[in-house]
Every structure is written in C-alpha cells, then in structure tokens.
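Chain naming here is simple, since letters A, B, ... match the order of the sequence lines and numbering starts at 1 in each.
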Number of protein chains: 2
Amino acid sequence: MSDELPAWEKAREEFVAQWGSLGTQWGINRTMAMIHALLMTSPEPMCTDEVMEKLQISRGNAHTNLKDLVGWNLVRIITKKGDRKEYFEAEKDVWKIFITISKERKRREIEPAIRLLRDCAAQTKDETTGPGRDFHQQMKDLDEFLSFGVKVGDTVISMKHASALQWAMRLLG
Amino acid sequence: MSDELPAWEKAREEFVAQWGSLGTQWGINRTMAMIHALLMTSPEPMCTDEVMEKLQISRGNAHTNLKDLVGWNLVRIITKKGDRKEYFEAEKDVWKIFITISKERKRREIEPAIRLLRDCAAQTKDETTGPGRDFHQQMKDLDEFLSFGVKVGDTVISMKHASALQWAMRLLG
DNA sequence: CTGAAGTTTCAGAACTTACTGAAACACATG
DNA sequence: CATGTGTTTCAGTAAGTTCTGAAACTTCAG
C-alpha cells in the first residue's frame, strides 16, 4: 500500500479510526461515525466510491450510512453540473454541528422519554397514598426535569454562536 | 401469573420496559436501563433475587448490571444488619441523577474525544498551508468547542439545584 | 430503443454484544 | 472444619446489529 501519505493524512486516519470507536460509545454505529469524521476533514466533497475506497467498505454499507448522515442533517448532497454522481459534504462549523445533533437527539431520545413519563403519570394520577403516589411523583419529577431541559436547550440552540458564547462566559465569569 | 397487581404497578411495568428500549438508543444496554428504572421506582431497596424475579433474568446478568450501575454511581449498595444480603438502592433525586450522569459521560465520552483531538492537532501543528492547515484548524475548533462545553458543564454541575434553576430561568426569561 | 453509468435494495454472512446457567469462591456459624 | 448462605466468574450460547455483494432499478446519451 502507499506510504506516500502527507503527514496530515496520517493524523487524519487516526482521527477517523478513533472517532469511529468513540462513536460506538455514543450509541452511533462505527461506520457512520467514521464517514462523518472523514467528510468533516475532507477538503472536497466525496462521492460514494471515494468513501468506499478510503474506508475499505462495501457500496451498500457506504450508501446506507451516507444516507443516514444526510437524515441526521450532518451531511448534504452536492451535485456537480455535467456529472451525474452525487457528492457528499459534511457541515464543518462546530456550532452548527452541535445544533444539528442537539435537535436530532431531542427528537429521537428526549421527546419519546417525555411521552412515556407523561403516560405513566397520567395512569397513576388518582393514586394518593403510599408507593402509588410516590411513583406518580417520580414520573412527574422526571417529566418536569426533562421538559425544562428541553426548554433551556431550545433557547440555546436558537442563539447565534456569538450570543451563546457571551452568555456562557457570563456564567463562567 | 398474578394479575393482582395494584394499578400503579402496571404503569411501573410499562415504565421499566419502555425505559429499557429508550436506553438502547442512548447507547445503554437494555437490561441496565431496566434495572435502573426498576430501582428508581422501588419503594424499598431490592436484592439481586428480587431483581431477577421482577425482570425474569439470570443471576449473572442481574449481578453484572447491578455492579455496572454501582460503577456509574447511580445505585448504591445497602446492607442491613443481621442480613448478609446486599440490597441496591437507586438515587431518586432528579438533579443528582443528572449530575452523576453528566460527570460519567464527561469522563467516558468527552474526555477521550478531547485527548484524540489534541493528539491530532499536535501531530499537525507544523502544517501551515492547504488541507493540512485546514485539518489542524478543524481539530482545534472541535477541541476548543468541547473543552468550552466541559467548562460550562462543570460550572452547572457544581451548582445547587436551586441556583441552577434560577440561572436557567434568567436565560429563558 | 439500447447500452453505459450511477444508485438503491436486500438476503444472508460476519461480527459484536448480551445472557444464561452452573461451577467456583468467600465467609460466617455451630 | 463441615455446612449453609450468599456472591462472583466465565465458557458457551443466543440475540442483535452491521456489512457484503450481487441483482434490480433509474437515468441519460446516442
């Protein structure tokens, strides 16, 4: 294989591989995390074949994960005129990545949890004594906490990066 | 099987089962999430056998996941005098749960990522042109963002619940 | 319409992770 | 030191997830 890689590409390969491992801990599939890392550090949009080649994965796998990343709004499809191929480009702005991921996680992970908690609270709203009442209260506490968190999160992700920074600095200062 | 469950226990079973499913999305294993849900809604500390019985799982499985939860500081071991059994009790205070999880996730997920980013940035600090420089910059941006996030997070989790609430209200208001 | 280039789908294989059940271990008690 | 009670470990198995490769499909140019 080619050892003629520029120095930065060596670092990039480490980054891609390790980001993949970290991804699994975050509940994200390894390949998807690797493709994301690859695209985030790509000077140019890449096509499916380039991704396959770089990561040594099959077309089906590359395809699925690229589309998943597009579904997460972390990657967008670029088409060049006079070229039928689709190219993929990752958002590189850290603040925008953060906002996108926050929104998706809210939708996929927090909102279903809140629905569950409300449902369980509703089912037990007539419990006024003993363990039944405690359970009801626990559901309400969890709901209240998550809902409040969502509200705070919504405020933050609606902010411009600069305002968010300023606000955070005030908290720290 | 007994259909003589109090109404609230029905809701509890739904909560436990669903919290388990939600857990998998969060990258947490189903059983661990279920045990946590069970203990969070238990009026009394439970022993291994009770957990096995309630969730219909093996001793080994119950044991491993209980110990993992203790490792996460979400559950503590209680021993009653004159009884050699270990009982397990989950933290029920929502704010404390939040703080505990935040700390653990920081340690397990954010800090390793920051280490990786710094390593990759260091490897490319001499790159001053073209894609190498861009890569270096991207690593630094990500590092800076996560590190700043950690700082903000540290500040928040060092706050009392009431102060945090007050502070968040100001953000919203 | 035909063929070339690109894209999508999906059944089964490979891999990873979680779980069981049973045996080994620890420890207190008579 | 034998016995009963509770705890831990772990090899093998089951379940779940991800990946491959090939076939089907779409689109466009000639």
**Asked** Which of the following nucleotides, dT8(C), dG6(D), dA5(C), is nearest to the side chain of Arg84(A)?
**Response** dA5(C)
**Request:** Would you kindly check if the NZ (Lys) or CZ (Arg) of Arg108(B) is within the cone defined by 45 degrees around the ring axis of Trp72(B) and under 6.0 Å from the six-membered ring centre?
**Result:** yes
**Prompt:** What is the ring orientation for Trp8(B) with Phe135(A), classed by angle as parallel under 30°, tilted 30 to 60°, or perpendicular over 60°?
**Reply:** tilted
**Prompt:** Is the distance from OP1 or OP2 of dC19(C) to the nearest side-chain N or O of Thr31(B) less than 4.0 Å?
**Reply:** yes
**Asked** Would one find a side-chain N or O of Asn29(B) under 4.0 angstrom from OP1 or OP2 of dG16(D)?
**Response** no
**Message:** Nearest 0.5 Å, please: how far is CZ in Arg115(A) from CG in Asp143(A)?
**Reply:** 12.0 Å
**Asked** Would one find a side-chain N or O of His63(A) under 4.0 angstrom from OP1 or OP2 of dT7(C)?
**Response** no
**Message:** Check this one for me: any side-chain N or O of Asn65(A) less than 4.0 Å away from OP1 or OP2 of dC19(D)?
**Reply:** yes
**Item:** Asn61(A) vs dT18(D): side-chain N/O to OP1/OP2 distance below 4.0 Å
**Value:** no
**Request:** Could you say whether Arg30(B) or Asp49(A) is positioned toward the 5' end of DNA chain C, judged by the nucleotide with the nearest heavy atom to each?
**Result:** Asp49(A)
**Message:** Could you measure the distance from the CE atom of Met52(A) to the CZ atom of Arg59(A)? Nearest 0.5 Å is fine.
**Reply:** 4.0 Å
**Request:** Calculate the interatomic distance between Leu55(B) atom CG and dT20(C) atom P; express it in whole Å.
**Result:** 10 Å
**Request:** Report the residue (Met32(B) or Gly60(A)) whose heavy-atom-nearest nucleotide on DNA chain C is the more 5′ of the two.
**Result:** Gly60(A)
**Item:** Below 4.0 Å: OP1/OP2 of dT8(D) and any side-chain N or O of Lys67(B)
**Value:** yes
